[in-house]
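Nothing fancy with the numbering, it's 1 onward along the sequence.
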Amino acid sequence: MIPEPGVVPSALAEPTVRVRGGWTAAVVLANVGVFAAWLGPIQVLLAKQSETVAPGNKEYVFGLVTGVGAAVSVVANPAFGAMSDRTTSRYGRRVPWVVAGAVGGAIGLGILSGAHVIALMLIGWCLMQLFGNALLAAATAVVPDRVPVTQRGAVGGWVAISQVLGALVGTALAAAFNSFTLGYIACAVFLLLSVVPYLLRSGDATLTERPAFVFGEFVKSFWISPRRYPDFGWAWLTRFLFNVGNALGTLYLFYYLQDEVGVAEPDTGVLILTAIYSVCVLVTAISFGRWSDRSARRKVFVTASGWVMAAAGVVLAIWPTWPGAILGATVLGAGFGVYLSVDFALLTQVLPSARNRGKDLGVINIANSLPQVLAPAIAAPIVKHLGGYPVLYLLASAVTLLAGVLVTRIRSVS
């Protein structure tokens, strides 16, 4: 990360004191809550709800709702990140947005719980995306705010696990009820409870002086020149491609099990595969995150993870059976765990400015959310008309391989 010139306030200083396990656990739990509130609906609830609302066009309704919601997140994450960078609350820069995100997200899930028409599904899901990204932007920025570079691989591994644990918790909550209404309510309650430990022990430093606000400069700050910050640009592109591949591979998992594999209870199948995937991510994220800290190397791990994830897509494409799905989930989890932990540490080392960590990580998070807009537009016609699931999963493999190759273009990180 490029240091700020001169003396900087404590809220902007590069951290040097290692964080404790309790603080890390609180941050991870808050992340688990927001990912459960997202991935429970994406993996099960929205799919079931789309089938109820429009049985003959479930793929397109599901793609419409998730795509529009993802478009909201493209704007929301960097915008809320930028606002948290400028927040001078006595509770710190990030805490107010964690609170607002949890409450607003729960309201969105509440609307979804009673939605029986497409319009209400869109409103509820867009609210969940809007406020969930406020929470995520703040909870992501606290890592470079508080964690030294030499500890970020290990902490990044735990933060990476939060996404997978969120998928597991959200899918379990969604599958625990026959009614999608109760599933949404359960996700909302968990979201609200998950942020409480972080609010009690955030240690969020207060920004004592808000930077002057000039609208034109504020808008221009969202464009980070690839020529001036080439490593940031390559990091953004590789994360974008990894997430395109991942979105293509996971978005229609419920329908893949239902229509291609022939699983009688696809929601239970999704839960089983998510559990297997989560265990594999847990093992590789922690072990390889620490390994990358000790070796001070990042790129080789990210490249290797791309090859492993691509292999998982090939398995799902050529072996559409229940044993094939289990093998695919195992391989994908192993590769994605390495990628999530090590790539997060890499990203925090190429941020342009300590003053704008929240906004810059929000720009990075566009690379997470924009693929959710593109994936339904790409996946739906492939599944319906252009070769089905084998073509979809082979395309996901090819995109992931390309991402693993391009990460080698980053020069400032080994």
Side-chain angles (χ1 to χ4, degrees), residues 28 31-32 34-47 156-176 187 242-258 260-261 263 265-289 301-302 304-317 319-344 368 371-372 375 379 389 392-393 396-397 399-400 403-404:
V28 168
N31 278 273
V32 170
V34 72
F35 280 113
W38 274 331
L39 297 174
I42 288 176
Q43 296 282 63
V44 176
L45 297 174
L46 286 171
W158 285 108
V159 172
I161 288 171
S162 68
Q163 180 173 340
V164 179
L165 291 179
L168 180 60
V169 171
T171 303
L173 292 172
C187 288
F242 266 110
N243 279 285
V244 168
N246 188 62
L248 290 174
T250 60
L251 185 64
Y252 284 159
L253 180 60
F254 183 93
Y255 296 143
Y256 172 75
L257 293 178
Q258 182 182 65
E260 187 80 0
V261 179
V263 174
E265 297 183 1
D267 50 351
T268 302
V270 170
L271 176 59
I272 293 171
L273 294 182
T274 303
I276 294 170
Y277 170 87
S278 300
V279 170
C280 294
V281 171
L282 175 66
V283 172
T284 58
I286 296 302
S287 57
F288 282 85
F301 294 100
V302 178
S305 70
W307 285 91
V308 174
M309 292 166 63
V314 173
V315 170
L316 294 172
W319 195 18
T321 62
W322 181 241
I326 291 175
L327 178 60
T330 302
V331 176
L332 183 63
F336 202 53
V338 177
Y339 164 72
L340 282 175
S341 61
V342 179
D343 189 63
F344 182 79
N368 298 338
Q372 303 300 322
Y389 290 102
L392 181 67
Y393 286 121
S397 293
V399 172
T400 304

Does a side-chain heavy-atom distance below 4.5 Å link [X] with [Y]?
X    : Y    : value
L168 : L271 : yes
L257 : W322 : yes
Y339 : N246 : no
F242 : S305 : yes
Y256 : L316 : yes
L253 : L273 : yes

Give the minimum heavy-atom separation between [X] and [Y], together with the two atoms involved.
X    : Y    : result
A334 : C280 : N-CB, 3.6 Å
G170 : C187 : O-SG, 4.3 Å
T400 : G245 : OG1-CA, 3.7 Å
A174 : V44  : CB-CB, 3.8 Å
G324 : V315 : O-CG1, 3.5 Å
G328 : A312 : O-CB, 3.5 Å

Interatomic distance, [X] atom [atom1] to [Y] atom [atom2] [nearest 0.5 angstrom]:
X    : Y    : atom1 : atom2 : value
L45  : L39  : CG    : CG    : 11.0 Å
L46  : W38  : CG    : CH2   : 13.5 Å
I276 : L332 : CD1   : CG    : 12.0 Å

Report task. Measure from the side-chain N and O atoms of Y277 to the backbone N and O of A167, and report whether any donor-acceptor pair falls under 3.5 Å. Result -> no

Query - Sidechain-backbone polar pair: Y255 side chain, A47 backbone, donor-acceptor under 3.5 Å - result: yes

Query raised in the report: Who passes side chain to side chain contact (heavy atoms under 4.5 Å, CB included) against S162, sequence neighbours left out?
Result: V28, N31, V32, F35, V159

Report task. Could you list the residues that satisfy side chain to side chain contact (heavy atoms under 4.5 Å, CB included) with A396, not counting sequence neighbours? Result -> L248

